[in-house]
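Read through the structure below, which is laid out as structure tokens, and then see the notes.
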Amino acid sequence: MIVEIVIDWRLKELEKHRKLREEDAIEVTDLIRCPLKRDFEEKFPDLYKASAYTPSTILGSLVHLGLENILSKELNAEIEVTREKRVGDHKIVGRIDAKLGRVGIEIKTSRADFEIPYEHHVLQARIYNWLFDLEKTVLVYVTPDRVTEYVVEEDIDEDEILKLIVDKSAPRYDWECKYCFFSLICPKKRRK
Ligand code: SF4
């Protein structure tokens with residue numbers, strides 16, 4: 001059954017993502033989302049894996065796969081590039097979707113095209129500019145109503161990274177709980 005193959009592929013992708021973090025490493029995505037999520041992913045792996053079955057995340061992964069393939073073939077871009085850097089005692093690790101010399105490309109899918117680029121995506125692009133020593137990162141959005149791109153040239157300094165590491169506000173953004181798999185068990189769940 002094709003659906004089984006798709007789910008199996010998504011589960012492998014999630015596992016690949018989980019392996020990116022060693023125990024002492026902080027992943028870039030952990031700096032731009034609710035800090036409780038990482039703990040929950042480790043404590044409740046089955047709930048984390050449930051995201052493999054969500055149609056919107058499957059769609060997002062397929063868009064990533066397709067666009068990365070095009071960028072690799074047409075522009076000879078490096079795909080899914082990983083890098084780590086130290087800030088004080090912390091090791092930051094990130095994986096950008098594509099890289100073309102000193103230009104990063106990060107693919108985003110969204111249900112709606114209002115208010116893009118989102119604040120947390122711009123923050124992620126700024127962290128990638130620092131982590132990968134980039135001149136800029138292009139955020140490419142694929143939504144049902146618009147396909148567009150935004151260039152982020154600013155980077156971030158180490159003080160701001162340290163502030164993000166110690167900031168344990170949960171959620172980090174008001175809207176996060178609405179889309180969070182862990183809202184089923186989370187004591188900090190907020191209604192927007
Ligand atoms: S439900 Fe809200 S507060 Fe709880 S983990 Fe999810 S985003 Fe964070």
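Counting convention: from 1, in listed order, for ligands and their atoms alike. Residue numbers run from 1 in the order of the sequence given.
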(Q) Side chain, backbone, both or neither: which applies to Cys34 and ligand 1 if a contact is any heavy-atom pair less than 4.0 Å apart? (A) side chain
Q | Residue Lys188 vicinity, atoms of ligand 1 by number, heavy atom under 4.0 Å | A | 3 (S)
Q. Phe40 heavy atoms, cut-off 4.0 Å: which ligand 1 atoms fall inside?
A. 5 (S)
Q) How many angstroms lie between atom CG of Asp155 and atom CD of Glu160, to the nearest 0.5 angstrom? A) 9.5 Å
Q.
Give me the residue, atom name and distance of the protein heavy atom closest to atom 2 (Fe) of ligand 1.
A. Cys177 SG, 2.4 Å
Q: Could you go through the ring pair (Phe, Tyr, Trp, His ring centres under 6.0 Å) check for Tyr150 and His121 one step at a time?
A: CA-CA 10 Å; Tyr150 298 90; His121 291 163; over 10 Å; no
Q) Does a side chain donor of either Arg111 or Thr143 reach within less than 3.5 Å of an acceptor in the other side chain? A) no
Q: Kindly give the heavy-atom pair with the smallest separation between Thr57 and Ser51, and that separation in Å.
A: OG1-O, 2.7 Å
Q. Which ligand 1 atoms are under 4.0 Å away from a heavy-atom of Cys186?
A. 1 (S), 3 (S), 4 (Fe), 5 (S)
(Q) Please list, in number order, the atoms of ligand 1 under 4.0 Å from a heavy atom of Cys180. (A) 1 (S), 5 (S), 6 (Fe), 7 (S)
Q: To the nearest 0.5 angstrom, please state how far the NZ atom of Lys189 sits from the CZ atom of Phe182.
A: 14.0 Å
(Q) I need the atoms of ligand 1 closer than 4.0 Å to a non-hydrogen atom of Lys37, numbered in the order shown. (A) 7 (S)
Q) Which ligand 1 atoms, with their elements, are less than 4.0 angstrom from a heavy-atom of Leu36? A) 5 (S)
Q) Is it true that the side chains of Ser56 and Tyr179 contain a donor and an acceptor less than 3.5 Å apart? A) no
